[in-house]
Amino acid sequence: MLKSMTAFGRARAVTPSGRLDVTAELRSVNSRYLDCTVKLPRMYSFLEDKIKGLLAERGISRGKLEVYIGIDVIEQTGVEISLDREAARSYIAALTCLRDSFGLKDDISVMTVAQNRDLFSMKKPEDDLERDWQEVRPVLEEAIEAFNAMRMREGENLCADLLKKAETIEGYAAQIKTLSEADIAGYPAKLENRIRQLLTDFDVEIAEQRILTEAAIFADKAAIDEELVRLASHFSAFREIIASNEAAGRKLDFLLQEINRETNTIGSKAANTEIAHIVVDVKTELEKIREQIQNLE
């Protein structure tokens, strides 16, 4: 079953070591391609590539996706904090200039300067990097599981609605077929009578066989049998795609263009006003389907 691109998933846990309190959130909306943004504490920015790799493993391939990982350190071990002395010197000089230029209260202190996090860098030992990932990963996987479960539920609802709309359009196609067959059956006789009337009005003579041939040719051109057959074939493919487990939003979008093309041809060929009205109803349903497809992966 196809999945929706609109979903949300969240998980939170204290890691087994008791070192970290991890929160993972995923939210996405529809997008033509995969547009993934990962938000992490700066000290854990090294996890971004691993997170994106895990998302790919879990089959997330389309959507505007935002991933938030919050990490509260309960017990800090092995982290080295260093000061960028040149940046601190420049920062303090700027604060002093600001104070002197505008006669501001002198409250430049260690704590004031320390509020600028850019003056400090944190470095973790290499062996801690993998350990952090192994502790964050289970929480992220739980959030992904909730996220994918919601995508599945939303996808099932969307697919059920799409199939219902497809069934409605097939019902319209059956009505068009019945009306068209009745029209085509009467075309040769009607056209022949019309031609004869025109020839009489203008006092023109044409061979009898030519009249019958022209009437038959026109009736054949007005027939929409081929378009209806292709339409039925397209909806058969439509159902097969929906029943598949692969991301198929783009396939459905392309197939819908073909269905719309056949519908337009039917509308242009049919001279019956009732068929024209039904074609409008078909195009209305197709537009609804197009909007729904945009939300499928």
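When reading the values below, keep in mind they use all heavy atoms of this one structure, side chains included, and skip hydrogens, waters and symmetry mates. Positions are given from 1 along the sequence. These figures come from a predicted structure and were not determined experimentally.
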**Prompt:** Just how far is it from atom CD1 of Ile278 to atom CD of Gln175, taken to the nearest 0.5 Å?
**Reply:** 4.5 Å

**Asked** Counting distance only, does the side-chain N/O of Arg27 pair as donor-acceptor with the main-chain N or O of Phe147 below 3.5 Å?
**Response** no

**Asked** Under the side-chain hydrogen bond (donor to acceptor under 3.5 Å, both in side chains) rule, what pairs show up with a residue in residues 252-267, not counting sequence neighbours?
**Response** Arg230-Glu262, Glu258-Arg261, Asn264-Lys283

**Request:** Can you measure from CG (Asn295) to CZ (Arg62) and round to the nearest 0.5 angstrom?
**Result:** 10.0 Å

**Prompt:** Would one find more than 12 heavy atoms of other residues, nucleotides or ligands at under 6.0 Å from atom CZ of Arg250?
**Reply:** yes

**Heavy-atom check, side chain of Thr273 versus side chain of Ile275, under 4.5 Å** = no

**Item:** Student check: side-chain heavy atoms of Leu255 and Lys251 closer than 4.5 Å
**Value:** no

**Message:** Pair Asp161, Lys165 - check side-chain contact (heavy atoms from CB on, under 4.5 Å), show working.
**Reply:** CA-CA 6 Å; Asp161 186 60; Lys165 286 179 169 54; 2.8 Å; yes

**Message:** With heavy-atom distances below 4.5 Å as the criterion, would you say the side chains of Asp84 and Tyr91 are in contact?
**Reply:** no

**Item:** Taking every non-hydrogen atom, the tightest pair across Arg89 and Glu86
**Value:** NH1-OE2, 2.8 Å

**Request:** Using the salt bridge (Lys or Arg N to Asp or Glu O under 4.0 Å) rule, take Arg42 and Asp118 through it: C-alpha gap first, then chi angles, then the decisive distance, then the call.
**Result:** CA-CA 10 Å; Arg42 194 171 68 172; Asp118 291 335; 3.3 Å; yes

**Prompt:** Would you call Leu252 and Ile242 a side-chain contact if the rule is heavy atoms closer than 4.5 Å?
**Reply:** yes

**Message:** So for atom CD, which belongs to Glu170, do other residues, nucleotides or ligands contribute more than 12 heavy atoms lying within a distance under 6.0 Å?
**Reply:** yes

**Request:** Dump the intermediate steps for side-chain contact (heavy atoms from CB on, under 4.5 Å) on Ile289 and Phe238, then the final yes or no.
**Result:** CA-CA 11 Å; Ile289 290 176; Phe238 188 86; 4.1 Å; yes

**Asked** Taking all non-hydrogen atoms of both residues, which atom of Arg10 and which atom of Glu25 are closest, and how far apart?
**Response** NE-OE2, 2.8 Å

**Item:** Those residues that, when tested against Lys39, pass side-chain hydrogen bond (donor to acceptor under 3.5 Å, both in side chains) (two or more places apart)
**Value:** none

**Asked** How long is the span from the NZ atom in Lys288 to the CD1 atom in Ile169, to the nearest 0.5 Å?
**Response** 10.0 Å

**Asked** Do Val136 and Ile71 touch side chain to side chain, with heavy atoms closer than 4.5 Å?
**Response** yes

**Prompt:** Between Ser109 and Thr112, does any side-chain donor sit less than 3.5 Å from a side-chain acceptor?
**Reply:** yes

**Message:** Do the side chains of Lys52 and Glu48 get close enough for a salt bridge, i.e. N-O under 4.0 angstrom?
**Reply:** yes

**Request:** Tell me yes or no: between the side chains of Glu154 and Thr6, is some donor less than 3.5 Å from an acceptor?
**Result:** no

**Request:** Go through the steps to decide whether Glu156 and Arg153 satisfy the test salt bridge (Lys or Arg N to Asp or Glu O under 4.0 Å), and finish with yes or no.
**Result:** CA-CA 5 Å; Glu156 288 175 2; Arg153 289 194 302 272; over 6 Å; no

**Asked** Within a reach of under 6.0 Å around CD of Gln294, are more than 12 heavy atoms found that belong to other residues, nucleotides or ligands?
**Response** yes

**Message:** Using 0.5 Å steps for rounding, measure from the CG atom of Leu179 to the NE2 atom of His277.
**Reply:** 12.0 Å

**Heavy-atom pair of closest approach, residues Ala143 and Leu26** = CB-CD1, 3.4 Å

**Asked** Ignoring hydrogens and geometry, is there a side-chain-to-backbone donor-acceptor pair from Thr15 to Leu20 under 3.5 Å?
**Response** yes

**Asked** Does Thr168 use its side chain to pair, donor to acceptor, with the backbone of Lys164 at less than 3.5 Å?
**Response** yes

**Message:** I'd like to know whether CD of Glu291 has more than 12 heavy-atom contacts from other residues, nucleotides or ligands below 6.0 angstrom.
**Reply:** yes

**Prompt:** Given Leu34 and Ser61, is the side-chain contact (heavy atoms from CB on, under 4.5 Å) satisfied, shown in steps?
**Reply:** CA-CA 6 Å; Leu34 177 62; Ser61 58; 5.8 Å; no

**Item:** Residue Arg12 excluded, over 12 heavy atoms near CZ under 6.0 Å
**Value:** no

**Message:** Would you say Leu163 ends up clustered with Phe235 if hydrophobic residues are merged whenever their side chains have heavy atoms under 4.5 Å apart, either directly or through other cluster members?
**Reply:** yes

**Nearest-0.5 Å distance that lies between atom CD in Gln292 and atom SG in Cys159** = 10.0 Å

**Residue pair Ile293 / Gly249: nearest heavy atoms and the distance that separates them** = CG2-O, 3.5 Å

**Item:** Rounded distance (nearest 0.5 Å) linking atom OG of Ser28 with atom CD1 of Ile60
**Value:** 7.5 Å

**Prompt:** So do Ile224 and Lys269 actually touch side chain to side chain, heavy atoms under 4.5 Å?
**Reply:** yes

**Request:** Determine whether Leu140 and Val22 fall in the same hydrophobic cluster, where Ile, Leu, Val, Met, Phe, Trp and Tyr are linked whenever their side-chain heavy atoms lie under 4.5 Å apart.
**Result:** yes

**Request:** Begin from the C-alpha positions of Ile266 and Leu231 and carry the test side-chain contact (heavy atoms from CB on, under 4.5 Å) through to its verdict.
**Result:** CA-CA 10 Å; Ile266 289 171; Leu231 205 58; 4.3 Å; yes

**Item:** Joint hydrophobic cluster, Ile259 plus Ile241, side-chain heavy atoms closer than 4.5 Å
**Value:** yes

**Request:** Check Gly63 against Ser31 and note the closest heavy-atom contact, atom names and distance.
**Result:** C-CB, 3.6 Å

**Message:** Please check this pair: side chain of Ser180 against backbone of Ile176, looking for a donor-acceptor N/O pair closer than 3.5 Å.
**Reply:** no

**Prompt:** Is the closest basic N to carboxylate O distance between Asp72 and Arg19 below 4.0 Å?
**Reply:** no

**Item:** Polar side-chain atom of Ser90 near backbone of Ala87 as donor-acceptor pair, under 3.5 Å
**Value:** no

**Asked** Do other residues, nucleotides or ligands put more than 12 heavy atoms under 6.0 Å from Lys177 NZ?
**Response** no

**Request:** Apply salt bridge (Lys or Arg N to Asp or Glu O under 4.0 Å) to Glu130 and Lys50, showing your working.
**Result:** CA-CA 10 Å; Glu130 184 59 29; Lys50 293 181 179 292; 3.6 Å; yes

**Message:** Is there a path of hydrophobic side-chain contacts, each under 4.5 Å between heavy atoms of I/L/V/M/F/W/Y residues, joining Trp133 to Tyr68?
**Reply:** no

**Prompt:** Quick one: are Leu65 and Cys36 in side-chain contact, heavy atoms under 4.5 Å?
**Reply:** yes

**Request:** May I ask whether Met150 and Val67 are part of the same hydrophobic cluster, defined by side-chain heavy atoms of I, L, V, M, F, W, Y residues being less than 4.5 angstrom apart, directly or through others?
**Result:** no

**Request:** With side-chain hydrogen bond (donor to acceptor under 3.5 Å, both in side chains) as the test, would you mind laying out the steps for Ser4 and Glu297 before giving the verdict?
**Result:** CA-CA 6 Å; Ser4 170; Glu297 184 178 71; over 6 Å; no

**Nearest heavy-atom neighbours spanning Ala11 and Val139** = CB-O, 3.5 Å

**Request:** Compare all side-chain heavy atoms of Lys3 with those of Leu158 and state whether any distance is below 4.5 angstrom.
**Result:** no

